[in-house]
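Take a look at the structure below.
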Protein chains: 2
Amino acid sequence: MSVEILGLIAGTLTSVASMPQLIKVIKTKNVEDLSLLMLVILICGLSLWVGYGFLQDELPIILSNAFAVLINVCLLIFYFRFKKNNKTRLI
Amino acid sequence: MSVEILGLIAGTLTSVASMPQLIKVIKTKNVEDLSLLMLVILICGLSLWVGYGFLQDELPIILSNAFAVLINVCLLIFYFRFKKNNKTRLI
């Protein structure tokens with residue numbers, strides 16, 4: 001297996017990893033056990049990866065991380081929508 | 001800001017993102033809202049990134065992803081330890 005294909009598979013997996021979590025949240029409407037701070041840090045980090053991809057002109061980095069940002073922003077929106085406890089905890 | 005520093009900050013953020021989730025799980029002992037499939041896909045993807053780092057001889061990629069694998073394997077262990085519903089759902 002070439003290194004590029006390995007990187008491609010790795011990038012695809014880490015990009016789509018949040019999809020099942022998003023599906024679970026939409027189905028169950030429960031977000032109590034999710035960490036808000038995790039979502040915030042992840043969205044910041046992934047957004048910086050998108051910027052890095054633009055600066056390096058690497059489309060795979062831009063696309064995979066932009067997709068992951070999209071999913072995690074959706075998760076963040078659902079987090080505030082479905083959060084039952086009014087006292088939002090950062091962790 | 002140089003591209004390398006941007007990548008370094010991005011990599012650090014995406015690597016440590018799962019830490020607050022791990023702390024939350026240890027504190028609350030609740031994992032019902034976490035997606036098992038997310039953890040499995042993430043660990044597979046991050047492990048492939050470690051392999052990619054070894055093949056490319058890029059220590060930052062190896063270290064940041066190995067750290068993320070470690071945190072997510074801990075999350076997976078706690079998932080099975082704290083899961084209350086005996087019927088484990090993949091998503």
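Reminder, nothing fancy here: chain letters follow the sequence lines and each chain counts from 1.
Put simply, the side chain of Ile5(B) reaches to within 4.5 Å of the side chain of Ser2(B), judged on heavy atoms. Looking only at side-chain heavy atoms (C-beta outward), Val50(B) and Ile61(B) stay at 4.5 Å or farther from each other.
Rounded to the nearest 0.5 Å, atoms CD1 (Ile77(A)) and CZ (Phe82(A)) are 11.0 Å apart. With rounding to the nearest 0.5 Å, the separation of SG in Cys74(B) from CG in Leu39(B) is 11.5 Å.
Heavy-atom minimum distance, Gly51(A) versus Leu6(B): C-CD2, 3.9 Å. Among all heavy-atom pairs drawn from Glu32(A) and Lys84(A), the shortest one is OE2-N, 2.9 Å.
Taking the six-membered ring where the residue is Trp, Tyr52(B) and Trp49(B) present perpendicular rings, their angle passing 60° and hence far from 30°.
Ranked by heavy-atom pairs under 4.5 Å with chain B, the first of Leu13(A), Ile41(A), Asp33(A) is Asp33(A). Note: Ala10(A) leads Ala10(A), Gly45(A), Gly11(A) in heavy-atom pairs under 4.5 Å with chain B. Interface summary for chain A: among Leu34(B), Asn65(B), Ile9(B), the most heavy-atom pairs under 4.5 angstrom belong to Leu34(B). Here Thr14(B) is the residue among Ile43(B), Thr14(B), Thr12(B) with the most heavy-atom pairs under 4.5 Å with chain A.
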### Task
Kindly determine whether Leu76(B) and Asn72(B) satisfy side-chain contact (heavy atoms from CB on, under 4.5 Å), including the steps that lead there.
CA-CA 6 Å; Leu76(B) 190 68; Asn72(B) 282 285; over 6 Å; no
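By a heavy-atom distance cut of under 4.5 Å, Val16(A), Ala17(A), Ser18(A), Pro20(A), Gln21(A), Ile23(A), Lys24(A), Asn30(A), Val31(A) are the residues of residues 15-31 of chain A near chain B, going up by number.
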